[in-house]
Amino acid sequence: AFDVPYGIDVNPLDGSIWYAKLYAHKIGRIDPRTFEITEFDTPLKGPRRLRFDAQGNLWVPAFDDSGVMKFDTRSKTFETYKLPLLAHNEYEVPYALNIHPKTGDVWVTSNMSDRMFRFNPRDKSFATYPMPTRVTWLRDLVFAKDGGICSSSSNLPAYGIEGGLASFICLYPDGQN
């Protein structure tokens with residue numbers, strides 16, 4: 001099995017290192033002083049490129065289960081949120097996510113429907129944004145100084161993307177500057 005780490009971030013509250021184990025369906029913590037490792041089973045499968053918010057909550061995409069998980073590192077509890085689907089019995093494969101530094105919104109890639117999601121943790125709502133090309137495969141999300149939410153689209157092979165070339169896509173939603 002490929003139960004190796006896939007994704008890493010640092011808790012801004014205590015400096016602990018956290019990682020995802022994609023095919024083992026676990027997240028783990030490395031204590032910054034003792035290097036002791038503690039692992040937690042995830043309620044949804046396929047944890048990948050996890051990120052912390054400013055409050056020390058760990059947000060984890062669930063690649064195999066069309067969702068997003070929030071792990072409260074203090075109480076050691078999960079909350080799960082299913083991504084909105086286009087039709088009954090479809091699924092999404094959220095590859096990565098990132099937390100907007102100003103709004104705290106959780107931005108999520110979705111690599112089955114050529115969309116990007118914004119999850120508002122305050123009211124637990126999703127907004128969806130269509131991508132400009134078909135067969136978009138977003139890798140990671142970064143926030144540009146000009147307000148853009150950007151990612152590379154790099155399906156393998158690249159000629160499978162509409163237009164036949166890998167690209168860099170930036171989304172400029174209202175109110176995010």
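- At least one side-chain heavy atom of Tyr19 sits less than 4.5 Å from a side-chain heavy atom of Ile30.
- Minimum heavy-atom separation, Arg49 to Pro61: O-CD, 3.6 Å.
- Between Ser151 and Leu141, some side-chain heavy-atom pair lies under the 4.5 Å cut-off.
- Here the closest non-hydrogen pair linking Gly104 and Pro121 is O-CG, 3.5 Å.
- Residues Ile149 and Leu97 fall into different hydrophobic clusters, defined by Ile, Leu, Val, Met, Phe, Trp and Tyr side chains chained together at heavy-atom separations under 4.5 Å.
- Taking CG from Leu138 and SG from Cys150, the interatomic distance works out to 11.0 Å, rounded to the nearest 0.5 Å.
- Note that OG1 of Thr42 and NZ of Lys26 are 8.5 Å apart. Values are rounded to the nearest 0.5 Å.
- Within the 4.5 Å cutoff, the side chain of Ser110 has no heavy atoms near those of the Met116 side chain.
- Put simply, Ile37 and Ile8 are part of the same group of oily side chains (I, L, V, M, F, W, Y) that touch within less than 4.5 Å, one to the next.
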message: Run Arg122 and Asp105 through salt bridge (charged side-chain N to carboxylate O under 4.0 Å, His left out) and show every step you take.
response: CA-CA 9 Å; Arg122 293 162 301 287; Asp105 289 344; 2.7 Å; yes
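- In this structure, Phe71 and Trp18 have tilted ring planes: the angle between them lies in the 30° to 60° band.
- Taken together through direct or relayed side-chain contacts under 4.5 Å among Ile, Leu, Val, Met, Phe, Trp and Tyr, Phe52 and Leu50 form part of one hydrophobic cluster.
- The closest side-chain heavy-atom distance from Leu171 to Arg118 is not below 4.5 Å.
- Counting heavy atoms from C-beta outward, Gln55 and Leu13 have side chains that stay 4.5 Å or more apart.
- Hydrophobic cluster membership is shared by Phe78 and Leu58, with clusters built from Ile, Leu, Val, Met, Phe, Trp and Tyr side chains linked at under 4.5 angstrom.
- When side chains are defined from C-beta on, Phe117 counts as touching Glu92, because their heavy atoms get closer than 4.5 Å.
- Taken to the nearest 0.5 Å, the OH atom of Tyr81 stands 4.0 Å off from the NZ atom of Lys124.
- Between the CG atom of Asp114 and the OG1 atom of Thr128 there is a distance of 12.0 Å, given to the nearest 0.5 Å.
- Nearest heavy-atom pair, Gly15 versus Pro32, reported as atom, atom and distance to 0.1 Å: O-CB, 3.7 Å.
- Between Trp107 and Pro173 the shortest heavy-atom distance is CH2-CG, 3.7 Å.
- Rounding to the nearest 0.5 angstrom, the gap separating the OG atom in Ser16 from the CD atom in Glu36 is 12.0 Å.
- When all heavy atoms are compared, the tightest approach of Thr34 to Asp31 is N-OD1, 2.9 Å.
- Side-chain contact between Glu39 and Lys21: present, with at least one pair of heavy atoms (C-beta onward) separated by less than 4.5 Å.
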Passes salt bridge (charged side-chain N to carboxylate O under 4.0 Å, His left out), Asp72 versus Lys70? Steps please. CA-CA 6 Å; Asp72 183 321; Lys70 175 186 169 187; 5.9 Å; no
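- For the pair Thr109 (side chain) and Ala96 (backbone), a donor-acceptor distance under 3.5 Å is present.
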Margin query: Asp140 vs Arg51, test: salt bridge (charged side-chain N to carboxylate O under 4.0 Å, His left out). Steps then yes/no.
Written below: CA-CA 11 Å; Asp140 215 343; Arg51 295 282 188 267; 3.0 Å; yes
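- When atom types are taken as modelled, the side chain of Thr80 and the backbone of Met69 share no donor-acceptor pair closer than 3.5 angstrom.
- No chain of hydrophobic side-chain contacts below 4.5 Å, direct or via other Ile, Leu, Val, Met, Phe, Trp or Tyr residues, connects Tyr6 to Val60.
- Within the 4.5 Å cutoff, side-chain heavy atoms of Lys82 are placed close to those of Leu44.
- Remark: Asn57 CG to Ile99 CD1 distance equals 9.0 Å, nearest 0.5 Å.
- Below 30°, between 30° and 60°, or above 60°: for Tyr95 and Phe63 the angle between ring planes is above 60°, a perpendicular geometry.
- Tyr91 meets the ring-ring contact (aromatic ring centres under 6.0 Å, His included) test with no other residue; sequence neighbours excluded.
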